[in-house]
Amino acid sequence: MSEFTVRTRKFQNNPLLGRKQFVLDVIHPGMANVPKKDLAEKLRSMYKVHDVHCIQLFSFKTAFGGGRSSGFGLIYENLEKMKKFEPKYRLKRVGVGGEKTGPGRRAKKDTKNRMKKARGKDKAKAGSKK
């Protein structure tokens with residue numbers, strides 16, 4: 001873990017959504033960027049968060065010339081609140097969201113095209129294959 005400084009501003013406590021929200025400024029001279037895992041660990045120690053998964057960091061932009069970045073951060077009270085209010089794509093990014101079930105995109109297309117070629121009772125067979 002390299003040297004970087006983290007500052008929060010526009011800090012708000014949002015009790016309705018069960019989270020703290022803020023803008024995060026990171027100063028990282030000599031580094032291209034700072035991994036979100038490292039930032040989450042640092043925020044965990046700063047705000048005494050029990051679970052790293054409750055911390056969401058996103059929309060980071062590096063300032064021109066490098067050395068400084070800023071983005072948004074959310075610290076949820078617990079995982080249930082986070083699962084309730086966070087969008088699915090951000091939950092998947094952290095590894096908390098649900099995985100896909102059922103056939104994939106290619107398999108659905110293959111089934112559809114097999115159905116187009118079949119007629120009558122053969123359509124049911126074509127749809128049930130694989």
Side-chain angles (χ1 to χ4, degrees):
M1 202 158 111
S2 299
E3 285 298 313
F4 60 92
T5 309
V6 175
R7 287 201 187 107
T8 58
R9 59 187 169 91
K10 294 186 180 178
F11 195 92
Q12 286 183 329
N13 195 7
N14 192 335
L16 289 175
L17 298 179
R19 70 186 185 195
K20 297 173 185 129
Q21 50 199 47
F22 47 87
V23 174
L24 193 68
D25 290 327
V26 186
I27 301 166
H28 48 90
M31 289 178 66
N33 257 329
V34 183
K36 287 182 189 156
K37 284 183 181 179
D38 294 350
L39 290 173
E41 281 298 326
K42 195 140 189 174
L43 285 171
R44 180 185 185 180
S45 62
M46 281 171 63
Y47 292 106
K48 299 174 182 70
V49 181
H50 56 87
D51 191 6
V52 183
H53 290 301
C54 291
I55 300 173
Q56 281 283 355
L57 302 172
F58 56 95
S59 294
F60 275 86
K61 303 277 186 281
T62 308
F64 181 73
R68 287 175 303 149
S69 299
S70 63
F72 298 105
L74 307 170
I75 299 175
Y76 282 91
E77 292 171 359
N78 52 37
L79 277 174
E80 289 75 40
K81 297 257 181 166
M82 187 168 124
K83 286 180 182 177
K84 185 176 180 184
F85 296 118
E86 274 296 290
K88 299 282 184 275
Y89 74 94
R90 273 196 289 206
L91 289 175
K92 283 182 187 174
R93 204 179 271 176
V94 178
V96 180
E99 282 69 40
K100 286 187 179 180
T101 58
R105 182 169 177 264
R106 184 82 248 165
K108 285 181 197 167
K109 284 183 166 200
D110 291 342
T111 305
K112 177 189 65 120
N113 290 329
R114 272 201 310 274
M115 296 277 276
K116 287 198 289 191
K117 292 174 190 166
R119 283 187 54 154
K121 291 182 180 178
D122 292 340
K123 274 194 190 255
K125 289 181 194 170
S128 64
K129 280 186 185 175
K130 294 179 186 175

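Values in this document were obtained by computation on a predicted structure and should not be read as measured data.
The OG1 atom of Thr8 sits 12.5 Å away from the CD atom of Gln21 when rounded to the nearest 0.5 Å. The distance from the CE atom of Met82 to the CG atom of Leu74 is 9.5 Å, given to the nearest 0.5 Å. With rounding to the nearest 0.5 angstrom, the NZ atom of Lys92 is 14.0 Å from the CZ atom of Arg90.
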Q: Determine, stepwise, if the pair Phe22 / Gln12 fulfils side chain to side chain contact (heavy atoms under 4.5 Å, CB included).
A: CA-CA 6 Å; Phe22 47 87; Gln12 286 183 329; over 6 Å; no

Q: Start with the C-alpha gap between Phe60 and Val34, add the side-chain angles, then the distance that decides, and say whether side chain to side chain contact (heavy atoms under 4.5 Å, CB included) holds.
A: CA-CA 10 Å; Phe60 275 86; Val34 183; over 6 Å; no

Q: Report the C-alpha distance between Arg19 and Asn13 in whole Å, list the side-chain angles of each, state the deciding distance to 0.1 Å, and finish with yes or no for side chain to side chain contact (heavy atoms under 4.5 Å, CB included).
A: CA-CA 6 Å; Arg19 70 186 185 195; Asn13 195 7; over 6 Å; no

Q: I would like to know whether Arg105 and Lys109 meet side chain to side chain contact (heavy atoms under 4.5 Å, CB included); could you show each step before the answer?
A: CA-CA 6 Å; Arg105 182 169 177 264; Lys109 284 183 166 200; 3.6 Å; yes

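Pairing each heavy atom of Ala40 with each of Leu57, the nearest pair is N-CD1, 3.8 Å. In plain terms, the two heavy atoms of Met31 and Glu3 that are nearest each other are SD-O, 3.9 Å. Across every non-hydrogen atom of Arg44 and Ile55, the tightest pair is N-CD1, 3.9 Å. Considering all non-hydrogen atoms of both residues, Ser69 and His28 come closest at OG-NE2, 2.7 Å. Among all heavy-atom pairs drawn from Glu77 and His50, the shortest one is O-NE2, 3.3 Å. When every heavy atom of Ala32 is checked against every heavy atom of Thr62, the shortest pair comes out as O-CG2, 4.4 Å.
By the 4.5 Å heavy-atom criterion applied to side chains, Tyr76 and Asp51 are not counted as neighbours. In this structure, Arg93 and Phe58 have side chains that are in contact, with non-hydrogen atoms separated by less than 4.5 Å. Counting only heavy atoms from C-beta outward, the side chains of Leu24 and Leu43 approach each other to under 4.5 Å. At least one side-chain heavy atom of Thr111 sits under 4.5 Å from a side-chain heavy atom of Arg114. You'll find the side chain of Lys81 stays beyond 4.5 Å of the side chain of Leu17, heavy atoms only. Side chains of Lys20 and Asn14 form no contact here, defined as non-hydrogen atoms less than 4.5 Å apart.
Residues Asn113 and Lys116 have side chains that bring a donor and an acceptor to within less than 3.5 angstrom of each other.
In terms of hydrophobic clustering, with Ile, Leu, Val, Met, Phe, Trp and Tyr side chains grouped at heavy-atom distances under 4.5 Å, Val52 and Leu39 are assigned to different clusters. Under a hydrophobic-cluster definition in which Ile, Leu, Val, Met, Phe, Trp and Tyr are linked whenever side-chain heavy atoms come within less than 4.5 Å, directly or via other members, Val23 and Met46 are assigned to different clusters. In this structure, Ile75 is a member of the same hydrophobic cluster as Val6, with clusters built from ILVMFWY side-chain heavy atoms closer than 4.5 Å.
Lys42 has no carboxylate O lying under 4.0 Å from a charged side-chain N of Asp38, or vice versa, which leaves the two without a salt bridge.
Looking at residues two or more places apart in sequence or on another chain, you find no ring pair (Phe, Tyr, Trp, His ring centres under 6.0 Å) involving Phe85.
Checked against the 6.0 Å centroid criterion, the rings of Phe11 and Tyr47 qualify as a close aromatic pair.
The 12-atom threshold is not exceeded at CZ of Arg68, counting heavy atoms of other residues, nucleotides or ligands nearer than 6.0 Å. More than 12 non-hydrogen atoms from other residues, nucleotides or ligands lie less than 6.0 angstrom from OH of Tyr89.
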